[in-house]
Amino acid sequence: MSNADIYHEMIIDYSRNPINYGKIEDHDVTFHDSNPLCGDSIDIDMKIDDNKVSDIKFHGKGCAICMACSSVLTEIAKGKNIDEVRNISKTDVLGELGLENLQAVRIKCALLSLKVLKSALYSYLGKHLDDSQDVDKLKEEAANLY
Amino acid sequence: MSNADIYHEMIIDYSRNPINYGKIEDHDVTFHDSNPLCGDSIDIDMKIDDNKVSDIKFHGKGCAICMACSSVLTEIAKGKNIDEVRNISKTDVLGELGLENLQAVRIKCALLSLKVLKSALYSYLGKHLDDSQDVDKLKEEAANLY
Amino acid sequence: MQSAQASFENIRKDFPILERTVRENKTLVYLDNASTTQKPNQVIDAINDYYRNHNANIHRAVYALAEEATELYEKSRDKVANFINVKNRVEVIFVRGTTEAINLVAYAWGRDNLKEDDIIVTTEYEHHSNIVPWQLLTREKGAKLEYIGMNDNGELNLDDLDKYLATGKVKLVTFSLVSNVLGTISDAETIISKCKAAGVLTLVDGAQAVPHMKVDVEKLGCDFFAFSGHKMLGPTGIGILWVRKSILETMNPFHGGGDMIREVHKYETTWNDLPYKFEAGTPNIADVVGLGAAIDYLSNIGMDVIRQHEIDLTSYALDKLSQVKGLRIYGTKDISKRGGVISFNFADVHPHDVAQIIDEEGIAIRSGHHCAQVLMERLNVAATSRASFYIYNTKEEIDALINSLNKVARIFKL
Amino acid sequence: MQSAQASFENIRKDFPILERTVRENKTLVYLDNASTTQKPNQVIDAINDYYRNHNANIHRAVYALAEEATELYEKSRDKVANFINVKNRVEVIFVRGTTEAINLVAYAWGRDNLKEDDIIVTTEYEHHSNIVPWQLLTREKGAKLEYIGMNDNGELNLDDLDKYLATGKVKLVTFSLVSNVLGTISDAETIISKCKAAGVLTLVDGAQAVPHMKVDVEKLGCDFFAFSGHKMLGPTGIGILWVRKSILETMNPFHGGGDMIREVHKYETTWNDLPYKFEAGTPNIADVVGLGAAIDYLSNIGMDVIRQHEIDLTSYALDKLSQVKGLRIYGTKDISKRGGVISFNFADVHPHDVAQIIDEEGIAIRSGHHCAQVLMERLNVAATSRASFYIYNTKEEIDALINSLNKVARIFKL
Ligand SMILES: Cc1ncc(COP(=O)(O)O)c(C=O)c1O
Ligand SMILES: Cc1ncc(COP(=O)(O)O)c(C=O)c1O
């Protein structure tokens, strides 16, 4: 995958003007994580009403790929119910931006926000459900994302 | 230096029938040390009268070279005054047995008892003299023997 | 049999050092494999290739070389995991060798889990690296170190284990799977099942096992497992600590530094995921790659084939050595309970003298305490001579050893 | 000048990896030398030769190979001692790298010498390996970790040092001789003389200094000194800790195991002489030998010649980079106070994106926090791009870097 393919218009635009960037003061759940190797760091806040993600915002620091993927991911998640959000996959995010063949190190940039989203979800479910097996599965899933 | 040269009659004899082997119950000084790499271990006891080594014995475990050198060394030291004993050198011991060209690892076997003797001496002098500089020099000398 | 024999002859061609002569033009007969093994061209070439074509620091950079180096490094982790049947690769930690592995456990697990009067149990035939770290730890904590004794056949007295376990104070039982002096293969199954029943963790020192026989940590069921690359055709400076994930997750870090952190702030820091939390600083990348090549090499031959070759050699050597007058062999004669290590003493001749005299014939064996002074005290000897075998050794080399002992007998007039 | 230039061109021929192409047939331009350096044939060959001809475990055996291996290993210790002007070779301890060296001090010196409310002083521009071990230690002891701040030129505020020293509670001041991000050369003379006056020990992290300029530990006057072989043409997996003998003699051992003991008994053990007391287990013998070859290589060129070459390159690069619109360089422009490391940010483009785009042109630079997150916070940036030079780099390569930045500008419409 050459850079000409990676750094297309949409990535550059999202990196300069991310969507859903910011904080939600009265969030129902928030989660922070970072990429130990490069220092990218992302927070996601969500409002959850009726089992639905009624609002979602992210903030943090990261490269163009991280920013673009966070924008796309939050756009995908918004309005979906929890089960649908749980099922968002790598390829949903990468596909949207044509990044399926990204090299290993950069995959971590691209998927950091998905990891944070999944972690946010298990932290929410852990508090609001008592199907702990389900939560563990989700935790494992987030940990093994890349 | 080939083994034919090292393992001559005298070494074999001394290893089976060491001279001055044993303990001195009413010693004036005793010292123990070992070779961390091979496990050879030697104790030397001395009686010191009128600044003279009136009696000296060694015991311990070691190879033929270690045993022969300990025999020869104690034989050299016996009857000498402290200054003369201080001046006993590697070559005095090695020369006596024709071991001047021993390889590095085995030098440690050959000189362990000389190291113990020097250490015994500085432990004696440390208690009986207060020329601490002299004692330190001797300590350093023992440490740097090989 | 024939074809196995043939393939073992081909193996020698992979080891350049075996063509060397030593001393006065004598062919090298290398019989100190328990100490360290020789390296095949495949391992030397892998290190070469790494430095000539891929060298870069790993994990952090996006450029091509860093990507290649990272991939090579992590592939070796998979090879290790696969080789000893570890299911979760994050449980495999690269360290310098068995010694560092055990010290890591003593520091990063031991200091948080041991308290006054607790007991750690080791055995009389351990290598110093499985004794001294526990002496240091138990002294620091006011805890006790106890020893499982050994019978005259070189087998552990498991009654001792029962006795200690019955106190309810044991926190860890640690033992070597194969003794580096006697060659005894420990009854790991019994030890570990007793410990499990008592809720006690187990550490297995696999330094003398992994190179010589199929080892399956899942099946073993221990909690910590350590071994060294340089004893299994790999380079010096690399070894493995495996820790069961449920325990590893509870452990504080050992070394602090690069790569083991998630976020560093002035006054607080969070840790990276496993296994990186325990791999601080630039690791020994080239030698990790070299170890991967060693594992490939061993896997290609097959660990069962290797074990059989060593059984053949060891039986042959035990037989020949028993016929030497005045020669005493330590440990069991039951080959099914013994690895390819034979310790002996020859009449009243000190092992150093034996080793030196036969060295002149090109024969390299070890003499001394073999980093097992507690065992030497138990055997009531100052030292032993030790011959230990590996895949490239032959019966002819054992004959050469036996022959050279005649020279010792001549010089010492035995 | 001419002839120095010419000889630097010859140098490139010694580094096989520099002939490689990467990505789409691009010549490799390796500018990540602060992370790790490439290896000349001389170093690769020394490792090769060790395994092909001399490999054996060291110190303990009497046979020929062991004698040769021990001699090679100990000769490297002499080379290290000589290279950094250590008078007493027993003060030189082989470790895995700078990270292990500093952790060794934190464990084996720190745990016995630090008590509640004591202070350890580090700096804002330290590598994580000179921060995290002290965080772990001070937390364990209820002690404090304090930071010498930095001005906007990337130079330390030594007033901070005075302030902490005045408390009378400081036990150790630790700092890097050259910053791995800013390239700042610390004013070691002033820091160390202040500490000496206050009776406080000093540790110097020489990881970015020893490879690039003449370092003389006697003259420096510090008490602990650490550096890594892989950053100075040597192999991965080997580094040095130097400790002043009077301090080393008071220190308890770090790792327990083979080689570091004098006599092991069941319940008590005595320690080996220096430096072996601190080198437990089979060391990384081959890479110690490789490091010796790296030192020979550097000595042959001459450290002053190397420093001058880096000054030339760095001045050139600073000049060219300053002309790139929107590019911000961190740290001092005074070349006499700066090593061959340049960190920068390019407009609003994240360093990862910069690094990835120019990687496609074959140019390898580092992007990220460079294991210096405390410094990133101080600079108020998430990350920087970093180019760092070594003996084989050329002005043409710097031109290639500058050129490649045009592509970044194009893609990001700067
Ligand atoms: C049983 C056993 N444990 C531990 C060790 C120590 O291994 P290393 O020196 O590679 O750390 C050895 C080898 O000397 C050994 O034989
Ligand atoms: C200043 C400094 N200190 C310490 C280190 C850590 O060295 P290593 O990773 O070789 O342990 C580095 C290199 O990354 C460094 O640049």
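All values derive from a computational prediction rather than experimental measurement. So that the names make sense, note that chain A is the first sequence line, chain B the second, and so on, each numbered from 1.
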Part of D:Glu140 within contact of chain C (heavy atom distance under 4.5 Å): side chain

Top of C:Asn130, C:Ile365, C:Ile102, C:Thr98 for chain D proximity - count of heavy-atom pairs under 4.5 angstrom: C:Ile365

Chain D contacts, top residue of C:Pro253, C:Gly368, C:Pro235, C:Ser367 (heavy-atom pairs, under 4.5 Å): C:Pro235

Which portion of C:Phe15 sits near chain D, non-hydrogen atoms under 4.5 angstrom: neither

Among D:Ala64, D:Gly281, D:Ser228, residue most engaged with chain C (heavy-atom pairs, under 4.5 Å): D:Ala64

Residue among C:Glu268, C:Glu263, C:Arg366, C:Arg378 with most heavy-atom pairs under 4.5 Å to chain D: C:Arg366

Max heavy-atom pair count under 4.5 Å with chain C, selected residue of D:His369, D:His370, D:Glu19, D:Glu124: D:Glu124

Side chain, backbone, both or neither of C:Met376 within contact of chain D (heavy atoms, under 4.5 Å): neither

Greatest number of heavy atom pairs closer than 4.5 Å to chain C - which of D:Asn103, D:Thr99, D:Asn53: D:Asn103

Engaged part of D:Tyr107 at the chain C interface, taking heavy atoms whose separation is under 4.5 Å: side chain

Interface moiety of D:Glu100 toward chain C, non-hydrogen atoms closer than 4.5 Å: both

Note: D:Arg23-C:Glu67 ion pair, threshold 4.0 Å (strictly below): yes

Test salt bridge (charged side-chain N to carboxylate O under 4.0 Å, His left out) applied to C:Lys266 and D:Glu377, step by step: CA-CA 9 Å; C:Lys266 274 192 173 175; D:Glu377 274 186 35; over 6 Å; no

Geometric class of the C:His255/D:His255 ring pair [parallel <30°, tilted 30-60°, perpendicular >60°]: parallel

Portion of D:Ile131 that has a non-hydrogen atom of chain C nearer than 4.5 angstrom: side chain

